[in-house]
Amino acid sequence: MQTLTRNQEQLVALMRRLRYFREIPRPDLERLAGGADQIALSGAEILYRDGAKVAFVSIVISGQLKLCAPTGNGGTKLLAIAKREDSFGEPEVLLGQASPATVAAVNDCHLLIVDGKLLLQELQRCPLLAISALRSVSLQLRNLVLDNQLSHTRSSTERVLGYLRRHSECTDSGEWVHTFPALKRDIAAKLSMTPESFSRALRGLERHGVVSVSGREVRILNPAESSGAQN
């Protein structure tokens with residue numbers, strides 16, 4: 001992990017560009033910037049492990065991170081993928097409890113981290129910041145619920161396509177691209193599928209021209225038409 005040195009004015013300007021802080025008055029941003037840093041992680045680098053005390057909230061500036069929890073059989077389960085503008089760490093800071101998940105970079109990424117104690121003070125002072133934090137935590141919960149629904153109520157092809165559409169980012173060419181943040185068997189387990197079913201559904205989508213697969217990268221070629229793909 002590398003801390004990127006920035007002065008307060010640069011940090012305030014950076015925070016202004018992030019949805020999390022966009023509506024926050026400048027005096028509040030200046031106080032938050034006093035306890036903030038920009039950090040860089042290389043691909044596969046771990047930010048913190050499950051069981052760690054988390055003293056900061058993170059907002060993704062670029063790149064992707066994966067949140068994985070240990071399972072009873074000694075493995076891990078993919079819980080969530082954090083991408084640009086996503087935040088995480090609020091529950092640990094608000095509750096003062098250890099993280100139930102290991103957070104690791106999928107690729108090279110930049111994060112803004114804000115000291116948890118300072119954030120708690122500012123949440124009491126600034127209603128707009130409290131609303132922003134609540135919105136972010138609500139989005140995290142909603143995504144978990146939607147992922148759970150996706151893993152239990154769709155066909156195998158719909159599960160895989162739904163996963164790809166929810167976790168892809170749009171490129172300048174208009175294609176939606178997703179880079180698998182974990183082994184395919186881990187993503188299959190997240191979707192309550194066997195690795196074989198996951199691979200079969202992915203090959204079917206590729207065969208029908210819905211996606212293009214190259215290693216860990218998947219491109220959704222026809223987002224407007226992909227909802228009609230059948231198993």
Side-chain angles (χ1 to χ4, degrees), residues 1-42 45-70 78-147 169 181:
M1 180 174 67
Q2 179 185 4
T3 300
L4 306 179
T5 303
R6 287 178 175 267
N7 61 39
Q8 187 180 50
E9 189 61 32
Q10 290 174 318
L11 283 170
V12 169
L14 172 62
M15 295 167 80
R16 276 269 185 233
R17 296 196 296 270
L18 296 172
R19 182 177 59 241
Y20 202 100
F21 302 106
R22 199 163 291 155
E23 298 178 0
I24 310 306
R26 184 177 178 86
D28 301 273
L29 281 182
E30 290 176 345
R31 288 193 297 271
L32 285 167
D37 279 306
Q38 184 183 354
I39 64 171
L41 297 176
S42 58
E45 187 174 358
I46 293 175
L47 181 61
Y48 52 78
R49 296 184 182 276
D50 63 277
K53 296 290 288 184
V54 180
F56 53 86
V57 169
S58 304
I59 299 94
V60 183
I61 300 171
S62 65
Q64 291 183 325
L65 299 98
K66 59 182 179 180
L67 285 70
C68 299
L78 178 66
L79 297 178
I81 303 161
K83 54 186 183 298
R84 176 172 169 78
E85 297 277 8
D86 289 344
S87 69
F88 55 91
E90 291 97 338
E92 290 78 10
V93 167
L94 289 168
L95 298 174
Q97 296 182 359
S99 172
T102 293
V103 180
V106 175
N107 43 35
D108 293 348
C109 58
H110 287 175
L111 303 176
L112 179 74
I113 60 172
V114 182
D115 177 76
K117 289 183 179 180
L118 178 59
L119 184 65
L120 286 175
Q121 293 174 7
E122 294 303 317
L123 286 173
Q124 298 178 60
R125 185 196 300 262
C126 179
L128 288 174
L129 179 62
I131 291 172
S132 181
L134 179 60
R135 184 184 296 120
S136 180
V137 173
S138 298
L139 181 60
Q140 295 169 37
L141 176 59
R142 184 175 186 274
N143 284 338
L144 285 173
V145 172
L146 290 175
D147 281 346
E169 295 184 331

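For this chain, numbers begin at 1 and follow the sequence in order.
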With rounding to the nearest 0.5 angstrom, report the CG to CZ distance, Leu112 to Phe56. 11.0 Å

Donor-acceptor check, side chain of Ser132 to backbone of Phe21, threshold 3.5 angstrom: yes or no? no

Tell me the closest heavy-atom pair linking Leu79 and Ala101, and the distance in Å. CD1-CB, 4.0 Å

Quick check: does any side chain N or O of Asp115 sit under 3.5 Å from a backbone N or O of Lys117, one acting as donor and the other as acceptor? yes

Mark yes or no for whether Gln124, through its side chain, and Gln121, through its backbone, hold a donor-acceptor pair below 3.5 Å. no

Please report the shortest heavy-atom distance between Pro70 and Pro100, naming the atom on each side. CD-O, 3.7 Å

Can you list the steps and then say if Ile61 with Arg84 is a side chain to side chain contact (heavy atoms under 4.5 Å, CB included)? CA-CA 5 Å; Ile61 300 171; Arg84 176 172 169 78; 4.2 Å; yes

When you look at CD of Glu23, are more than 12 heavy atoms from neighbouring residues, nucleotides or ligands closer to it than 6.0 Å? no

Let me confirm one number: the CG-CD1 distance from Leu47 to Ile113, rounded to the nearest 0.5 Å. 7.5 Å

Side-chain donor or acceptor of Glu90 paired with backbone N/O of Leu134 under 3.5 Å: no

Within-4.5 Å side-chain heavy-atom neighbours: Leu129 and Leu119: yes

Got a donor-acceptor contact below 3.5 angstrom from the Asp86 side chain to the Lys83 backbone? yes

Can you check side chain to side chain contact (heavy atoms under 4.5 Å, CB included) on Leu41 and Leu65, steps first, answer last? CA-CA 10 Å; Leu41 297 176; Leu65 299 98; 3.8 Å; yes

What's the separation between atom CD1 in Ile39 and atom SG in Cys109, rounded to the nearest 0.5 Å? 7.5 Å

What's the separation between atom CG in Leu141 and atom OG in Ser136, rounded to the nearest 0.5 Å? 11.5 Å

Closest approach of Pro127 and Arg125, non-hydrogen atoms and distance? CD-O, 3.6 Å

In Å, rounded to the nearest 0.5 Å, how long is the span from CD of Glu85 to CZ of Arg17? 10.5 Å

Scan side-chain atoms only and decide if Glu169 and Gln64 contain a donor-acceptor pair under the 3.5 Å cut-off. no

Rounded to the nearest 0.5 Å, how far does CG of Leu128 lie from CG of Leu123? 11.5 Å

Should Glu30 and Arg16 count as an ion pair when the cut-off is N to O under 4.0 Å? no

Which atom pair, heavy atoms only, marks the closest approach of Ser42 to Asp108? CA-OD1, 3.3 Å

Side chains of Ser87 and Gln140: closer than 4.5 Å at any heavy-atom pair? yes

So, for Gln38 and Leu14, which heavy atoms are closest and what is the spacing to 0.1 Å? OE1-CD2, 3.8 Å

Would you check if Gln10 and Asn7 make a side-chain contact, meaning some heavy-atom pair closer than 4.5 Å? yes

Exercise: identify the closest heavy-atom pair between Gln8 and Ala33: CG-CB, 3.8 Å

